[in-house]
K.L.:
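Below is one structure. I have some questions about it.
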Amino acid sequence: IHLNSNLRRIVMRKGFVLVILCAAAVPAILAQGGNGNKFVQDFEKHWNNAKELSVAVANAMPAEDYSFKPVSAEMSFGEQMLHIANANYYYCSFLAGEKNPYEKPKDATKEAIVKKLGDSYDYCTKVFDGVTDAQLDKVLGTGDRAVDGREVMLGVMTHMAHHRGQSEVYLRLKGITPPTYNF
């Protein structure tokens with residue numbers, strides 16, 4: 001198509017502006033999680049809420065009660081928090097095809113445990129942000145433990161919610177009202 005020079009300049013400018021706008025939108029799309037995958041976006045919304053609540057539960061227990069166990073067969077409150085952190089790292093590293101980076105804190109203070117817990121959620125969020133459709137569909141593990149990436153993500157959420165729920169009962173046994181979940 002032959003365009004006069006004025007019209008060609010207008011089309012070129014508008015095309016340039018369109019390219020700039022598209023380039024500016026890419027980081028926002030990627031920040032939504034999962035490179036724009038709807039399942040991952042929805043999942044991460046709940047994951048972020050779960051992190052907020054889990055850290056609030058961990059902070060609600062006084063430091064002197066981190067060794068509290070309702071019965072001897074149960075993990076202590078602090079052990080529950082570390083168990084959640086370790087499992088978060090485990091599930092998410094499994095999804096990413098990486099070695100589990102979890103390291104138990106040398107110093108098992110409330111502050112160190114709460115940090116480890118928060119860091120585990122951040123690690124998973126980083127994994128979820130980069131997960132591809134192929135990773136969601138890929139079967140991981142073997143035999144009875146063969147699951148696809150979506151199941152791994154649902155598994156980490158279910159596991160975390162189970163142990164956080166137990167920990168909320170520990171708070172109640174100490175006379176502490178657990179933080180409210182914001183859906």
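Each residue takes its place number in the sequence, starting with 1. Treat the numbers as computed from the prediction; the structure is a model and nothing was measured.
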K.L.:
Nearest 0.5 Å please: distance from the CG atom of Asp107 over to the CD1 atom of Ile113.
P.N.:
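Output value for this atom pair is 8.5 Å.
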K.L.:
Hey, are the side chains of Lys69 and Glu79 touching, using non-hydrogen atoms and a 4.5 Å cut-off?
P.N.:
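In contact.
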K.L.:
Count the heavy atoms of every other residue, nucleotide or ligand shown that sit under 6.0 Å from CD of Glu103, and state whether that count exceeds 12.
P.N.:
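Count not over threshold, so no.
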K.L.:
Where do Leu117 and Ala85 come nearest, in terms of heavy atoms and distance?
P.N.:
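Heavy atoms of Leu117 and Ala85 come nearest at CA-CB, 4.0 Å.
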K.L.:
Indicate yes or no: does Arg164 engage Glu168 in a salt bridge with an N to O separation below 4.0 Å.
P.N.:
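A salt bridge is present here (some side-chain N lies under 4.0 Å from a carboxylate O).
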K.L.:
Hey, could you give me the CZ/CD distance between Phe39 and Glu44, rounded to the nearest 0.5 Å?
P.N.:
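Answer rounded to 0.5 Å: 10.5 Å.
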K.L.:
Could you give me the CA-CA distance, side-chain angles and deciding distance for Glu151 and Leu140, then say whether side chain to side chain contact (heavy atoms under 4.5 Å, CB included) is met?
P.N.:
CA-CA 10 Å; Glu151 288 183 87; Leu140 307 165; over 6 Å; no
K.L.:
Between His159 and His163, how do the two ring planes meet: parallel, tilted or perpendicular, split at 30° and 60°?
P.N.:
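Rings of His159 and His163: tilted, 30 to 60°.
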K.L.:
So, taking the atom named CZ in Phe68 and the one named CD in Glu74, what distance separates them when rounded to the nearest 0.5 Å?
P.N.:
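Atom-to-atom, Phe68:CZ and Glu74:CD are 10.0 Å apart.
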K.L.:
Any side-chain heavy-atom pair from Val114 and Val55 closer than 4.5 angstrom?
P.N.:
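A side-chain contact under 4.5 Å exists here.
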K.L.:
Counting only N and O atoms by type, is there a donor-acceptor contact under 3.5 Å from the side chain of Tyr170 to the main-chain atoms of Tyr66?
P.N.:
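Between the backbone of Tyr66 and the side chain of Tyr170 there is no qualifying donor-acceptor contact (under 3.5 Å).
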K.L.:
Check whether any side-chain heavy atom of Pro179 lies under 4.5 Å from a side-chain heavy atom of Asn59, and answer yes or no.
P.N.:
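No - every pair of side-chain heavy atoms lies 4.5 Å or more apart.
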K.L.:
Taking atom CD of Gln80 and atom CD of Gln166, what is their separation to the nearest 0.5 Å?
P.N.:
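The CD atom of Gln80 sits 4.5 Å away from the CD atom of Gln166.
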K.L.:
Is there a donor-acceptor contact under 3.5 Å from the side chain of Thr158 to the main chain of Gly155?
P.N.:
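Side chain of Thr158 to backbone of Gly155, a donor-acceptor pair under 3.5 Å: no, none is there.
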K.L.:
Kindly determine whether Asn86 and Leu82 satisfy side chain to side chain contact (heavy atoms under 4.5 Å, CB included), including the steps that lead there.
P.N.:
CA-CA 6 Å; Asn86 184 20; Leu82 288 175; over 6 Å; no
K.L.:
I'd like to check Ile84 versus Tyr121 (side-chain heavy atoms, cut-off strictly below 4.5 Å). Are they in contact?
P.N.:
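The answer is yes; the side chains approach within 4.5 Å.
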K.L.:
Using a 6.0 Å cut-off, check whether atom CD of Glu111 has over 12 heavy atoms from anything other than its own residue.
P.N.:
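Open: at most 12 neighbouring heavy atoms sit under 6.0 Å from CD of Glu111.
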K.L.:
Do you know the tightest heavy-atom contact between Met153 and Phe43?
P.N.:
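Looking at all heavy atoms of both residues, the closest pair is O-CZ, 3.1 Å.
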K.L.:
Is there a path from Tyr90 to Tyr102 through hydrophobic residues (I, L, V, M, F, W, Y) whose side chains come within less than 4.5 Å of each other?
P.N.:
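Shared cluster, yes.
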K.L.:
What distance separates Gln135 CD from Phe128 CZ, expressed to the nearest 0.5 Å?
P.N.:
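Output value for this atom pair is 11.0 Å.
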K.L.:
Do Leu95 and Cys124 make a side-chain contact, defined as non-hydrogen atoms from C-beta onward lying under 4.5 Å apart?
P.N.:
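They are not in contact (no side-chain heavy atoms under 4.5 Å apart), so the answer is no.
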K.L.:
Does Lys116 reach the main-chain N or O of Met81 with its side chain, forming a donor-acceptor pair under 3.5 Å?
P.N.:
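Judged by distance alone, no pair lies under 3.5 Å.
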K.L.:
Give the minimum heavy-atom separation between Ile176 and Pro62, together with the two atoms involved.
P.N.:
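Closest approach of Ile176 to Pro62, heavy atoms only: CD1-CD, 3.5 Å.
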K.L.:
Please confirm whether the backbone N or O of Val40 pairs with a side-chain atom of Asn37, one donor and one acceptor, at under 3.5 Å?
P.N.:
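Yes; at least one donor-acceptor contact below 3.5 Å.
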K.L.:
Cluster question for you: counting only ILVMFWY and a side-chain heavy-atom cut-off of under 4.5 Å, with indirect links fine, are Val57 and Met75 together?
P.N.:
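No, Val57 and Met75 fall in different hydrophobic clusters.
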K.L.:
Identify whether the distance between the nearest side-chain nitrogen and carboxylate oxygen of Lys126 and Asp122 falls below 4.0 Å.
P.N.:
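Between Asp122 and Lys126 there is no salt bridge, as every charged N stays at least 4.0 Å from the carboxylate O atoms.
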K.L.:
Could you report the tightest heavy-atom contact between Gly141 and Phe94, atom names first, then the distance?
P.N.:
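Closest pair (atom of Gly141, atom of Phe94, distance): N-CZ, 3.6 Å.
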K.L.:
Begin from the C-alpha positions of Val147 and Arg145 and carry the test side chain to side chain contact (heavy atoms under 4.5 Å, CB included) through to its verdict.
P.N.:
CA-CA 6 Å; Val147 295; Arg145 296 198 172 247; over 6 Å; no
K.L.:
When rounded to the nearest 0.5 angstrom, what distance separates OG1 in Thr177 from CG in Leu171?
P.N.:
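It is 9.0 Å, given to the nearest 0.5 Å.
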K.L.:
Checking side chain to side chain contact (heavy atoms under 4.5 Å, CB included) for the pair Phe77/Lys174: CA distance, chi angles, key distance, verdict?
P.N.:
CA-CA 11 Å; Phe77 184 87; Lys174 286 296 198 175; over 6 Å; no
K.L.:
Is there a side-chain contact between Thr125 and Trp47 in this structure, where contact means two heavy atoms from C-beta onward sitting under 4.5 Å apart?
P.N.:
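Of all side-chain heavy-atom pairs linking Trp47 with Thr125, at least one is under 4.5 Å.
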K.L.:
Indicate the atoms forming the closest heavy-atom contact of Pro101 with Tyr89, along with that distance.
P.N.:
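Shortest heavy-atom contact: CG-CD2, 3.5 Å.
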K.L.:
For a 4.5 angstrom cut-off between non-hydrogen side-chain atoms, does Tyr91 reach Met160?
P.N.:
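They are not in side-chain contact.
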K.L.:
Any side-chain heavy atom of Val156 within less than 4.5 Å of one from Asn88?
P.N.:
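Yes - at least one pair of side-chain heavy atoms lies under 4.5 Å apart.
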